[in-house]
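Some notes on the structure that comes next.
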Amino acid sequence: MDYLTNYRIGEACNLLRDSKLSIAEIAVSVGFFDQFYFSRVFKKTKGVPPSRYLSSIEKP
């Protein structure tokens with residue numbers, strides 16, 4: 001189960017970095033159909049919520 005979660009979050013990170021999809025669209029595309037649950041799992045795995053992760057990788 002941990003492997004699958006880590007894989008999904010890793011794919012979400014790639015999509016956050018390389019696409020223009022919204023966080024909700026990314027959540028669905030990696031298999032999370034509840035955006036809030038996705039955010040909780042992302043924060044537990046990466047230490048920051050997806051919105052903060054996205055803002056930290058955006059270039060000014």
Side-chain angles (χ1 to χ4, degrees):
M1 192 65 171
D2 288 337
Y3 171 79
L4 181 57
T5 299
N6 287 331
Y7 179 79
R8 286 176 169 175
I9 298 300
E11 288 299 309
C13 288
N14 291 338
L15 289 171
L16 284 167
R17 194 171 38 250
D18 300 331
S19 76
K20 298 294 182 189
L21 296 174
S22 71
I23 292 172
E25 291 169 324
I26 290 171
V28 170
S29 71
V30 297
F32 291 91
F33 297 100
D34 180 350
Q35 178 183 352
F36 301 107
Y37 179 66
F38 168 71
S39 292
R40 284 196 312 266
V41 173
F42 192 98
K43 184 174 181 180
K44 182 179 178 187
T45 305
K46 292 293 182 182
V48 294
S51 56
R52 185 168 296 162
Y53 181 85
L54 181 59
S55 66
S56 73
I57 60 174
E58 288 179 341
K59 294 175 177 61

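Keep in mind that this is a model prediction, so the values were computed, not measured. Side chains are part of it too, since the values below use all heavy atoms of this structure and drop only hydrogens, waters and symmetry mates.
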N/O donor-acceptor pairs under 3.5 Å from side chains in residues 15-24, not counting sequence neighbours:
unit_1 : atom_1 : unit_2 : atom_2 : d
R17    : NH1    : Y53    : OH     : 3.2
R17    : NH2    : N14    : OD1    : 2.4
S19    : OG     : L15    : O      : 2.6
S19    : OG     : L21    : N      : 3.4
S22    : OG     : E25    : N      : 3.1
S22    : OG     : E25    : OE1    : 3.3

Side chains of residues 2-13: which donor-acceptor pairs under 3.5 Å do they make with residues two or more places apart or in other chains?
unit_1 : atom_1 : unit_2 : atom_2 : d
T5     : OG1    : M1     : O      : 3.1
N6     : ND2    : D2     : O      : 3.2
R8     : NE     : V30    : O      : 3.2

Anything under 3.5 Å between a donor and an acceptor, one on a side chain of residues 31-45, the other on a protein residue two or more places apart or in another chain? List them.
unit_1 : atom_1 : unit_2 : atom_2 : d
D34    : OD1    : F36    : N      : 3.0
S39    : OG     : Q35    : O      : 3.2
T45    : OG1    : V41    : O      : 2.9

